[in-house]
Structures are given as C-alpha cells and as structure tokens.
> 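Quick one: structure below, then a few questions.
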Amino acid sequence: MTAVTGGDGPTQPPERRGTGGGEAVARALDPSGELRSAASDCVHCGFCLPACPTYQLWGEEMDSPRGRIHLITQALDGSQLTAEASAHFDRCLGCMACVTACPSGVRYDRLIEAARTWTEEPPPGPSPAPARSLRDRAVRAAIFATFPYPRRLRALAAPLRGVQWARLDRLAGRSRAAQRLAPELSTALRLAPGNPPGGRSPGRRAALPGRVPARGQRRAVVGMLTGCVQQVFFPEVNTATARVLAAEGCDVIIPAGQGCCGALSLHSGRASEAAGFARRTITVFEQAGVDAIVVNSAGCGSAMKEYGALLAAPDGAGRDGAGQDGTGQDGTGQDGTGAGWAARAAALSGKVRDLSEFLAELYGGSGGPQAERHELPVRVAYHDACHLAHAQRIRQQPRDLLRAIPGLELAEVGDGATCCGSAGVYNLLQPQAARELGERKAAAVRATGAALVVSANPGCSLQIAASLAGTGGTAPAVAHTAQVLDASIRGLPATALTGS
C-alpha cells in the first residue's frame with residue numbers, strides 16, 4: 001500500500017506478517033468469509049466520497065469508506081494494522097451515508113463494525129491491531145460504564161447541571177488547556193442539555209406508568225423503549241411518545257425491566273457487550289406480549305433491527321455476564337448458552353418500528369389518524385438522523401407526519417443530510433471533528449429561517465442544540481417529532497416548543 005499524506009500526516013502502510021501468522025489472523029478475523037465477500041463488492045467507483053463527512057472535512061482517501069475498505073482488506077490478507085490505520089477506523093462516524101450512496105450495495109456498516117471489534121474485542125491469538133493507549137482505554141471504559149446505564153447517567157446529570165449553573169462549562173469551553181488535556185470532559189459539559197421549554201430538568205425521572213391505555217377504539221398493543229440518554233436527558237420525549245400512541249388508539253406497554261438496547265456498544269465495536277444488552281431487551285419485550293415495539297431513538301431502532309445478525313453466532317455472540325444493568329442482574333436474561341437466540345432476536349427485530357414508521361403503517365391499515373390535529377403555526381427544519389435516514393431508510397414518514405399538521409411549514413436543511421457529528425459517542429471521542437460537523441449543521445439549520453429544528457434521535461438533539469448555542473444569536477429550539485405531534489394533538493401553542 002502506498003503511503004497517503006493528508007491533513008493528519010502520513011498514513012503508514014500496514015505491516016506484513018509472516019505467511020503462516022497472517023493466514024491464522026485472517027481466519028480468526030473472518031472465519032465465515034463474510035467480510036471478504038462484503039469488501040469485494042466495492043468497485044472503487046468513488047460515489048461514497050462526497051457523501052462521507054470525514055472525507056468532506058479532510059479530503060483524505062483513508063478517511064473515506066473506500067479507503068477504510070482498502071485497510072480492512074489488507075488486514076483480511078494478513079497485514080498487521082498500524083496505529084495510524086486504526087485511527088482511520090476510529091474517525092469514521094458510522095453514519096452510513098455511504099451505504100445509501102453506494103450503487104453496488106456494499107455493506108460498509110458490517111465492515112466498519114467488524115473492524116472496530118478488532119481493537120475493542122480482538123480474537124484469540126495475535127492482535128490484528130495495536131492496543132489503545134492507557135488514557136484512551138480509560139476514557140472509553142468510563143463512557144461505557146456510564147452511558148448505557150440510566151441510573152448512573154442520571155446520577156451524573158446532577159453535577160453537570162451544577163457546573164452549568166456555575167457557568168463553569170463556558171469557562172471550560174473557552175480554555176485551551178481544558179480542551180487539550182480533557183477534551184472529552186469539555187465536550188460533555190458543552191453537550192449537557194439545559195431545561196427544555198416548559199420542561200423539567202434533565203435527570204429527573206418522568207412519571208410513566210407500566211401501561212398507558214388507548215384513547216377511543218383500541219387499534220394496537222405496543223411496547224415502548226425508553227432508552228438510556230432519551231429517558232435521562234429527554235424524558236419529555238418519552239412522555240410525548242406515549243401520549244401520541246395512546247391518542248392514536250394504542251395500549252402502550254412500558255416494561256419496567258428494560259435497560260440499554262446495546263446500540264452505543266454495538267456501534268463502537270463492543271459486540272459482546274451489545275449482545276448482553278440485546279438478550280436482556282429481547283427477554284423483557286417477549287414477556288410484554290406486544291404487537292410492535294415502538295422506538296423514538298434512531299440509533300436504538302437501527303441496532304434493534306440488527307439483533308438477528310448480532311446474535312446469529314452459535315454462542316449468542318456474547319460472553320457470559322456482558323450487559324449487566326448496574327443492579328447485578330445478568331444482561332443475558334437466560335443461562336448464557338445462546339441456544340435459540342438467533343431466532344428469538346430475528347422475531348423481535350421484526351416487531352421493531354420507529355415511531356414515524358409505526359404511525360405510517362397504522363394509518364395505512366386503519367384509515368388514517370384517529371386523533372385530531374390542531375393548528376400549530378411554526379416553521380420547522382427537519383434534520384435527518386443518520387440511523388433513521390441511512391440505516392433504516394426512513395425519510396418520508398416523519399416528513400408526512402409533520403406536513404399533515406395544520407399551520408406547520410416544513411423546511412429542508414440544505415446540507416444533503418450530512419451527519420451532525422453526534423454519532424453515538426463520537427462527539428466525546430472525536431470532539432474536534434464533531435465540533436466542525438456540528439458548526440456546519442448549525443449554519444445549515446439557521447439558513448432555513450426555522451424557529452424549530454426537529455430530530456428523531458437524542459444524540460442529534462444534544463449535538464445540534466449545543467452547536468446552535470455556540471454560534472451566537474437567537475438559536476432555533478430543538479424538539480423531537482413526537483413532541484410536535486403531541487403539541488398539535490393537545491392544541492398547545494407553538495411557544496410550548498419554541499419557548500418564545
């Protein structure tokens with residue numbers, strides 16, 4: 001491989017192993033040959049390049065999907081990945097815009113998730129990639145010991161609010177030393193949400209019962225995922241989601257035993273950890289006995305629809321004990337043997353629907369909305385969350401729902417649906433790239449002249465709100481699709497969403 005020079009310095013070619021060692025490592029990385037088959041689908045056409053946010057930022061071939069596939073292929077050929085090569089994998093947002101753009105149907109999502117496991121969960125034997133630094137491992141351990149666990153995340157919310165109240169977050173944001181020595185902490189302080197318009201402080205538990213009964217004629221019985229970041233930082237979104245579903249004739253079951261769905265872990269290469277969370281989620285919603293599982297977080301819905309692939313391995317794709325919920329309960333929810341998990345996972349995945357997707361199907365099969373929409377005069381900019389638009393291919397349904405609200409004017413964000421820079425925990429691990437993408441998104445949102453920007457993912461909402469606040473001037477408010485629908489159904493004024 002020829003060394004490529006870009007803004008981050010030269011990319012060093014992977015080192016070649018001895019023939020025997022290289023073949024053994026290659027077999028361990030791709031025992032079924034699925035990854036090599038997926039990589040071989042790439043015809044190097046370059047359609048992915050303009051769609052890739054990191055290529056847009058740096059113009060570096062190895063920071064494009066095509067370049068990363070080349071690195072993955074070299075690893076599958078037995079080459080030892082260098083630290084520089086691993087960094088190119090880390091700098092990928094996993095936004096899947098390239099999957100949408102690719103005319104050959106390359107499953108880049110499967111390739112990049114596998115490549116990330118090579119560092120996070122390397123197979124037995126010689127590691128295909130160098131180990132992370134002690135600092136990097138500590139930061140990642142702290143993130144994944146906190147964010148997938150609502151109780152721990154809720155405990156963290158209080159001190160974050162205290163720092164905001166003392167305005168120390170602004171001081172940290174202006175401090176070059178803080179950004180250099182602790183960029184993850186500085187970014188976390190910048191992203192932590194304030195109070196929503198008319199809402200409660202982040203971290204306070206929303207009073208959601210185990211069952212919200214349907215209003216009027218019952219049309220379906222659905223389960224609702226409350227999520228991790230969503231339930232801690234945006235409990236009002238879950239409340240609005242339950243109200244909208246109930247108003248549309250759905251009994252809403254909200255299982256008390258649910259925890260993290262595993263999305264953050266899965267998208268970061270921690271497949272075993274994700275599998276533990278998945279098994280727990282499957283068990284809880286199987287016991288709920290629902291027709292569908294409605295999800296209001298794009299990243300969570302995307303991950304849950306992939307449970308069949310995640311748990312397809314004979315051992316259930318996870319190690320025993322992965323995915324505990326912080327209370328000592330095993331995330332497997334069973335005996336850890338993995339027997340039958342693939343079929344159970346596929347069955348549950350088949351029930352998963354994004355909120356907008358579910359409502360579109362419900363209306364199509366039951367003669368339209370049951371709940372009356374009241375006028376909501378507001379100009380709205382709709383942001384395509386990557387794991388909704390690209391991973392789940394859901395674009396039209398949320399737009400149709402918004403356009404059906406009397407008085408609402410829908411504006412398109414003119415940036416080609418480029419990622420906002422949130423990407424799970426990417427904005428914590430790659431803060432500079434995330435900040436640049438966030439600033440671009442904020443400029444595109446402001447250009448619409450909208451008073452409200454609507455997103456269907458909590459990470460996007462945090463990132464966009466922080467980016468808008470950082471660009472000065474009066475910023476549009478940020479809301480979820482469910483909140484806009486809820487406001488219209490309840491006859492609330494637009495100021496309930498915009499705050500002014």
Side-chain angles (χ1 to χ4, degrees), residues 138-165 184-185 187-189 191-196 199-212 223-242 252-268 270 272-285 287-288 293 295-297 299-300 303-304 318 320-333 422 424-425 428 457-459 461-462 480:
V139 167
R140 288 170 183 268
I143 288 173
F144 288 100
T146 305
F147 278 79
Y149 304 95
R151 290 181 182 177
R152 302 176 192 177
L153 190 58
R154 191 173 288 112
L156 179 65
L160 284 177
R161 289 289 294 149
V163 169
Q164 287 181 328
W165 182 82
E184 301 86 2
L185 178 59
T187 300
L189 292 173
L191 291 171
N195 288 344
R200 64 181 68 214
S201 298
R204 289 181 61 187
R205 187 186 300 271
L208 280 175
R211 176 180 174 270
V212 179
M224 192 181 92
L225 183 82
T226 53
C228 301
V229 173
Q230 193 81 287
Q231 71 165 282
V232 174
F233 289 135
F234 299 104
E236 67 279 2
V237 171
N238 283 337
T239 302
T241 300
V252 186
I253 308 301
I254 306 169
Q258 62 178 296
C260 177
C261 70
L264 290 178
S265 302
L266 177 62
H267 299 150
S268 300
R270 302 166 74 95
S272 295
E273 185 176 79
F277 288 129
R279 289 193 293 264
R280 178 184 178 89
T281 303
I282 290 166
T283 301
V284 167
F285 279 100
Q287 295 170 352
I293 301 166
V295 183
N296 58 20
S297 168
C300 298
M304 291 176 71
D320 292 349
Q324 291 192 349
D325 65 353
T327 65
Q329 296 180 10
D330 187 354
T332 64
S422 172
V425 295
L428 296 177
N457 192 62
S461 296
L462 289 171
H480 191 282

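Just so you know, these numbers use all the heavy atoms, side chains as well, and skip hydrogens, waters and symmetry mates.
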> Any chance you could lay out the side-chain contact (heavy atoms from CB on, under 4.5 Å) test for Arg154 and Gln231, step after step, and finish with the verdict?
CA-CA 9 Å; Arg154 191 173 288 112; Gln231 71 165 282; 3.0 Å; yes
> Who pairs with Cys261 by side chain to side chain contact (heavy atoms under 4.5 Å, CB included), at least two apart in sequence or on another chain?
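Scan of Cys261 (side chain to side chain contact (heavy atoms under 4.5 Å, CB included), adjacent residues dropped) gives Leu225, Ala263, Thr281, Cys300, Met304, Tyr307.
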> Apply side-chain hydrogen bond (donor to acceptor under 3.5 Å, both in side chains) to Ser268 and list each qualifying residue two or more places apart in sequence or on a separate chain.
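For Ser268 there are no side-chain hydrogen bond (donor to acceptor under 3.5 Å, both in side chains) partners, ignoring immediate neighbours.
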> Suppose we screen for side chain to side chain contact (heavy atoms under 4.5 Å, CB included). Which residues come up paired with Ser422, at least two apart in sequence or across chains?
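Applying side chain to side chain contact (heavy atoms under 4.5 Å, CB included) to Ser422 gives Cys420, Asn427, Gln463.
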> Between the side chain of Gln258 and the main-chain N/O of Thr226, is any donor-acceptor distance below 3.5 Å?
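Checking the backbone N and O of Thr226 against the side chain of Gln258, a donor-acceptor pair under 3.5 Å is found.
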> How many angstroms lie between CG in Asn296 and CZ in Phe234, if you round to the nearest 0.5 Å?
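Going from the CG atom of Asn296 to the CZ atom of Phe234 covers 11.0 Å.
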> I need the Ile254 CD1 to Thr241 OG1 distance, nearest 0.5 Å.
9.5 Å
> Pro255 and Val284: which non-hydrogen atoms are nearest, and at how many Å?
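Residues Pro255 and Val284, closest heavy atoms: CB-CG1, 3.3 Å.
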> To the nearest 0.5 Å, what is the distance between CD on Gln230 and OG on Ser461?
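If we round to the nearest 0.5 Å, Gln230:CD and Ser461:OG are 7.5 Å apart.
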> If you compare all heavy atoms of Val229 against all heavy atoms of Pro458, which two are closest, and at what distance to 0.1 Å?
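Closest heavy-atom pair between Val229 and Pro458: CG1-CB, 4.0 Å.
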> Gln287 and Thr283: side-chain contact (heavy atoms from CB on, under 4.5 Å), yes or no, with the steps?
CA-CA 6 Å; Gln287 295 170 352; Thr283 301; 3.6 Å; yes
> What are the two closest heavy atoms between Ala303 and Leu266, and how far apart are they?
CB-CD2, 4.0 Å
> May I have all residue pairs that pass salt bridge (Lys or Arg N to Asp or Glu O under 4.0 Å) and include part of residues 138-147, sequence neighbours excluded?
Asp90-Arg140, Glu120-Arg140, Asp136-Arg140
> CG/Leu264 to CZ/Phe147 distance, rounded to the nearest 0.5 angstrom?
8.0 Å
> With sequence neighbours left out, what residues match His267 under ring-ring contact (aromatic ring centres under 6.0 Å, His included)?
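Residues passing ring-ring contact (aromatic ring centres under 6.0 Å, His included) with His267: His387.
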> Where is the tightest heavy-atom contact between Tyr149 and Ala145, given as atom of each residue plus distance?
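Result for this residue pair: CD1-O, 3.5 Å.
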> List the atom of Ala242, the atom of Leu208, and the distance in Å for their closest heavy-atom pair.
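Between these two residues, the closest heavy atoms are CB-CD2, 4.2 Å.
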> Output all residues satisfying side chain to side chain contact (heavy atoms under 4.5 Å, CB included) with Ser265, sequence neighbours left out; order by chain, then residue number.
Phe144, Arg270, Glu273, Ala274, Phe277
> Hey, what do you get for CG (Leu462) to CG (Asn457), rounding to the nearest 0.5 Å?
9.0 Å
